[in-house]
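For reference, the structure is listed below as structure tokens.
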Amino acid sequence: MEQYQSEWGELSQVIEEHIHLMMERYREKGMVFITPKIGFFPYAQCLGKVLKEKDWNRLNNLIYQETCIRSFCSLRCGDSYYWAFLEMLESLAVGNMKTLDLLVPHKVEPITNIFPVYRPATNMLIGLWRKDDSVLDYAIPRAKKFVSGKRPQWERATVAYLLAIFDKNPKEAGVQLELMCKGVMRADFDPDMDKLLCVPAHGLYQLAACLWDKELFQQLPMPNHKSFSKEYAVWRNTHKVQPALFAEYPEPMINTILTNPELEMTERV
């Protein structure tokens with residue numbers, strides 16, 4: 001573990017503790033086994049320092065590792081991927097298209113008892129990402145109804161942004177993305193993570209980069225908000241990004257499964 005001390009300095013202890021817990025659980029179970037208490041990467045402890053250093057590749061890898069771990073939980077244990085809507089956006093943010101394609105359903109699911117915004121937002125994302133007009137025909141009127149409702153600002157702005165993506169309206173999309181960032185600050189999000197850097201907002205921004213042509217995307221204004229890093233967003237769209245784990249594990253199989261979750265997806269439990 002000495003290489004972590006030289007590479008990450010004050011972060012080395014929390015990273016080593018995480019790696020130790022993951023390795024112990026792997027030896028006990030003989031499989032990659034993740035729970036919030038055991039397996040989640042010490043993301044909050046690392047985020048502020050990496051942001052301050054403005055090492056965008058390392059930041060991207062840090063978010064990627066956290067997203068790999070949390071997405072793995074959803075893919076392995078969830079009865080519906082609708083609960084993983086934020087993980088879908090975070091996968092977009094870092095260029096983790098492999099996990100994104102596993103998470104985004106191929107059709108609308110009749111799911112109930114879910115956080116309200118996840119249903120209309122996921123349905124819109126299914127239609128947009130899968131380029132499925134039949135899904136969009138179903139999702140758009142329901143999304144418009146949601147936007148006109150009384151849910152918190154960040155929820156309505158997220159769905160309104162997805163509608164603006166469909167309409168190819170960069171001005172409106174920019175307005176809604178900034179409202180989403182502002183709304184997150186007033187919502188029950190983690191101040192050490194989501195309010196420091198709103199990764200889902202970066203995911204929404206990257207969705208436009210994926211779906212729109214370059215000329216239209218360049219008309220999309222970035223949010224003027226402290227939780228959105230314009231420098232990181234510019235880096236993401238001016239470099240060929242190949243995300244990698246921020247910290248690898250001594251057991252190669254853990255690295256393989258986290259970065260290739262389809263290997264574990266022969267059946268859902």
Side-chain angles (χ1 to χ4, degrees), residues 1-4 7-8 11-47 50 57-106 109 118 122 125-126 129-130 190 193 199-200 202-203 206 210 236 240-269:
M1 297 288 183
E2 290 182 0
Q3 74 269 26
Y4 300 134
E7 188 174 358
W8 295 309
L11 298 178
S12 63
Q13 184 175 351
V14 294
I15 293 172
E16 287 175 10
E17 288 174 358
H18 163 78
I19 290 174
H20 177 71
L21 287 171
M22 285 284 282
M23 290 297 295
E24 276 196 342
R25 187 52 61 97
Y26 182 82
R27 294 187 186 105
E28 290 173 7
K29 299 289 184 179
M31 61 183 290
V32 178
F33 186 86
I34 296 169
T35 67
K37 290 184 179 179
I38 297 297
F40 281 18
F41 196 76
Y43 177 67
Q45 295 95 318
C46 299
L47 181 61
V50 177
N57 186 63
R58 176 165 283 189
L59 173 66
N60 203 71
N61 289 344
L62 172 64
I63 302 168
Y64 173 70
Q65 183 144 7
E66 173 75 357
T67 303
C68 282
I69 290 172
R70 291 197 290 111
S71 297
F72 184 83
C73 291
S74 298
L75 290 167
R76 195 76 178 92
C77 305
D79 59 353
S80 173
Y81 296 160
Y82 274 62
W83 279 104
F85 174 69
L86 293 181
E87 282 81 1
M88 297 175 199
L89 298 185
E90 289 159 0
S91 296
L92 270 165
V94 298
N96 186 6
M97 300 310 181
K98 184 184 299 183
T99 295
L100 175 69
D101 202 52
L102 289 173
L103 286 173
V104 177
H106 287 268
E109 298 177 9
Y118 291 169
T122 302
L125 188 56
I126 294 169
W129 190 252
R130 302 296 183 195
D190 192 317
M193 297 187 297
V199 178
H202 280 271
Q206 290 308 128
C210 292
R236 267 288 282 118
K240 288 186 177 180
V241 177
Q242 294 182 323
L245 294 178
F246 182 83
E248 292 192 346
Y249 303 91
E251 171 49 60
M253 184 55 69
I254 299 177
N255 303 318
T256 299
I257 292 300
L258 288 180
T259 56
N260 299 277
E262 70 276 9
L263 298 176
E264 284 285 296
M265 302 318 298
T266 53
E267 63 180 51
R268 292 169 64 181
V269 297

Side chains of Cys68 and Tyr64, heavy atoms from C-beta outward: is any pair under 4.5 Å?
yes
Supply the atom-to-atom distance Arg130 CZ to His106 NE2, rounded to the nearest 0.5 angstrom.
3.5 Å
Under 6.0 Å from the CD atom of Gln242, do we count more than 12 heavy atoms belonging to anything else shown?
no
Nearest 0.5 Å, please: how far is CD1 in Ile63 from CG in Asn96?
12.0 Å
Checking the side chain of Glu87 only, and the main-chain atoms of Arg70 only, is there a donor and an acceptor separated by less than 3.5 Å?
no
When you measure from the side chain of Arg236 to the backbone of Val241, do you find a donor-acceptor pair of N or O atoms at a distance under 3.5 Å?
no
Are Leu59 and Leu47 side-chain neighbours, meaning at least one heavy-atom pair lies under 4.5 Å?
yes
Between Asn60 (side chain) and Pro243 (backbone), is there a donor-acceptor pair under 3.5 Å?
no
Can you measure from OG (Ser74) to CG (Leu86) and round to the nearest 0.5 angstrom?
10.0 Å
Nearest 0.5 Å, please: how far is OH in Tyr81 from OG in Ser71?
10.5 Å
In terms of relative ring orientation, are Phe41 and His18 parallel, tilted or perpendicular, with 30° and 60° separating the classes?
perpendicular
Name all residues meeting the side chain to side chain contact (heavy atoms under 4.5 Å, CB included) criterion together with Gln45; count only those two or more places apart in sequence or in a different chain, and write none if there are none.
Val14, Pro42
Side chains of His20 and Glu24: any donor to acceptor distance under 3.5 Å?
yes
What is the minimum heavy-atom distance between Ile19 and Pro250, and which atoms define it?
CG2-CD, 3.6 Å
Taking the side chain as every heavy atom from C-beta outward, state whether Tyr82 and Ile126 have any atom pair closer than 4.5 Å.
yes
What residues, two or more places apart in sequence or in another chain, satisfy side chain to side chain contact (heavy atoms under 4.5 Å, CB included) together with Ala44?
Asp192, Met193
Would you say Pro105 and Met88 make side-chain contact, with heavy atoms under 4.5 Å?
yes
Using side-chain heavy atoms (C-beta onward) and a distance below 4.5 Å, is Thr99 in contact with Glu262?
no
Evaluate side-chain contact (heavy atoms from CB on, under 4.5 Å) for Leu258 paired with Ile69, printing each intermediate quantity in order.
CA-CA 7 Å; Leu258 288 180; Ile69 290 172; 4.1 Å; yes
Asn255: side chain to side chain contact (heavy atoms under 4.5 Å, CB included) partners, not counting sequence neighbours
Leu245, Glu248, Tyr249
Do Glu66 and Cys46 pass the side-chain contact (heavy atoms from CB on, under 4.5 Å) test, and can you show the C-alpha distance, the side-chain angles, and the key distance before you say yes or no?
CA-CA 11 Å; Glu66 173 75 357; Cys46 299; over 6 Å; no
Roughly how far, to the nearest 0.5 Å, is CG of Asn57 from CG of Leu62?
11.5 Å
Exercise: identify the closest heavy-atom pair between Gln65 and Phe246
OE1-N, 2.8 Å
Distance col, row Trp129:CH2 vs Asp101:CG, nearest 0.5 angstrom, shows 7.5 Å
Is it the case that the side chain of Glu90 and the backbone of Thr67 share a donor-acceptor pair, with hydrogens and angles ignored and the cut-off at 3.5 Å?
no
